Amino acid sequence: MSVHKYTRAEVAARDNNKQNLIIIDNVVYDVAAFLEDHPGGTEVLVDNAGSDASECFHEVGHSEIAIEWRNTFKVGEIVDEEKLEVKCKQPSAAESAEPLTLGGLLAVYGPPVAMAVLAYLLYTFLFG
Ligand code: HEM
């Protein structure tokens with residue numbers, strides 16, 4: 001079965017009472033039947049109908065279940081010449097982990113160690 005191809009202008013034009021087309025990752029979904037059932041609410045879908053909601057969809061961090069469910073509403077794809085790069089926000093381990101530096105270590109462990117030393121000195125001064 002061939003996939004129906006939409007231009008972005010066509011998707012925008014089909015945002016009406018019968019169809020609420022939305023683009024996520026170059027795939028076109030009709031969310032009209034799903035508006036009331038969306039756990040994230042009707043409004044976000046209505047607001048994004050007719051446009052590309054990929055960024056919003058990924059920002060929310062939708063679950064695997066949501067991504068599976070999404071397929072139920074697929075009605076087509078964006079024409080090849082209007083496809084955009086799919087940007088999924090998945091922070092890589094390399095990006096999130098900061099390199100270990102002496103300054104960083106001191107900033108984290110410095111204050112509690114200094115407090116412990118001070119407490120020890122005070123204790124020996126008072127009771128030693
Ligand atoms: C066909 C497309 C979509 C499906 C099947 C879907 C499905 C879901 C599901 C199952 C949840 C519950 C949480 C989870 O399991 O991740 C959810 C939450 C949510 N969704 Fe969607 N969603 C779709 C599109 C969108 C779009 C396009 C947006 C934004 C423009 C959006 C915004 C939200 C928000 C804000 C929540 C609430 C998150 C929270 O409570 O933390 N969704 N969606």
Side-chain angles (χ1 to χ4, degrees):
M1 207 178 82
S2 71
V3 181
H4 190 104
K5 297 273 184 176
Y6 292 87
T7 61
R8 287 177 183 270
E10 236 181 303
V11 171
R14 301 263 198 111
D15 172 21
N16 52 42
N17 292 336
K18 288 201 200 94
Q19 278 190 313
N20 282 120
L21 300 188
I22 214 165
I23 308 163
I24 306 168
D25 300 341
N26 299 316
V27 176
V28 181
Y29 301 94
D30 185 359
V31 292
F34 160 68
L35 292 177
E36 301 288 326
D37 300 328
H38 181 222
T42 310
E43 212 174 299
V44 276
L45 295 182
V46 173
D47 286 352
N48 282 281
S51 60
D52 192 322
S54 311
E55 208 170 307
C56 179
F57 187 86
H58 292 300
E59 256 171 27
V60 169
H62 279 92
S63 64
E64 286 291 319
I65 295 169
I67 293 168
E68 282 276 310
W69 197 14
R70 183 173 81 160
N71 294 335
T72 325
F73 308 104
K74 178 173 172 174
V75 289
E77 281 174 18
I78 291 297
V79 290
D80 290 344
E81 51 279 25
E82 288 186 10
K83 278 188 177 162
L84 295 176
E85 190 194 337
V86 174
K87 284 186 252 168
C88 295
K89 279 201 183 160
Q90 273 158 2
S92 68
E95 258 175 55
S96 50
E98 283 183 19
L100 208 58
T101 60
L102 186 62
L105 276 178
L106 276 177
V108 175
Y109 295 110
V113 169
M115 288 293 281
V117 170
L118 245 153
Y120 173 75
L121 289 177
L122 198 66
Y123 182 84
T124 46
F125 175 74
L126 291 174
F127 308 108

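Since the model is a prediction, treat every value here as computed from it, not as a measurement. Along the sequence shown, residues carry numbers from 1. Note that ligands are numbered from 1 as they come in the structure, with each ligand's atoms numbered from 1 the same way.
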**Q.** Straight-line distance of K83 NZ to K5 NZ, nearest 0.5 Å
**A.** 4.0 Å
**Q.** R70 to I24 - nearest heavy-atom pair and separation
**A.** NH1-CG2, 3.2 Å
Q) Is any heavy atom of the protein nearer than 4.0 Å to atom 39 (C) of ligand 1? A) no
Q) Counting from 1, what ligand 1 atoms have a heavy atom of A53 closer than 4.0 Å? A) 27 (C)
Q.
Strictly inside 4.0 angstrom of atom 42 (N) of ligand 1, do you find any protein heavy atom?
A. yes
Q) How close do V11 and I23 get, heavy atom to heavy atom, and via which atoms? A) CG1-CG1, 3.8 Å
Q: Looking only at protein heavy atoms, identify the closest one to atom 2 (C) of ligand 1 and say how far it is in Å.
A: I24 CD1, 3.9 Å
Q) Should you measure from each heavy atom of F34, which atoms of ligand 1 turn up under 4.0 Å away? A) 1 (C), 3 (C), 4 (C), 5 (C), 6 (C), 7 (C)
Q.
I want to check something: taking the side chain as every heavy atom from C-beta on, are D30 and N20 in contact at a cut-off of under 4.5 Å?
A. yes
Q | Those atoms of ligand 1 less than 4.0 Å from some heavy atom in C56 | A | 28 (C), 29 (C), 30 (C)
Q.
To check you understand the geometry: which heavy-atom pair defines the closest contact between H62 and I67, and what is its length?
A. O-CD1, 4.0 Å
Q) For S63 and ligand 1, does the shortest N/O to N/O distance drop below 3.5 Å? A) yes
Q. Atoms of ligand 1 less than 4.0 Å from N48 heavy atoms?
A. 30 (C)
Q: Around atom 21 (Fe) of ligand 1, list the protein N/O/S atoms within a radius below 2.8 Å, excluding water molecules.
A: H38 NE2, H62 NE2
Q | More than 12 heavy atoms from other groups under 6.0 Å of CG on L126 | A | yes
Q) For the atom pair CZ (F73) and CG (L45), what is the distance rounded to the nearest 0.5 Å? A) 9.5 Å
Q: Report yes if the side chains of V44 and H38 come closer than 4.5 Å at any heavy-atom pair, otherwise no.
A: yes
Q) Would atom 13 (C) of ligand 1 count as contacted, meaning some protein heavy atom under 4.0 Å? A) no
(Q) Measuring only between side-chain heavy atoms, which start at C-beta, is V75 closer than 4.5 Å to H4? (A) no
Q. Just wondering, do F57 and N48 contact through their side chains at under 4.5 Å, heavy atoms?
A. no
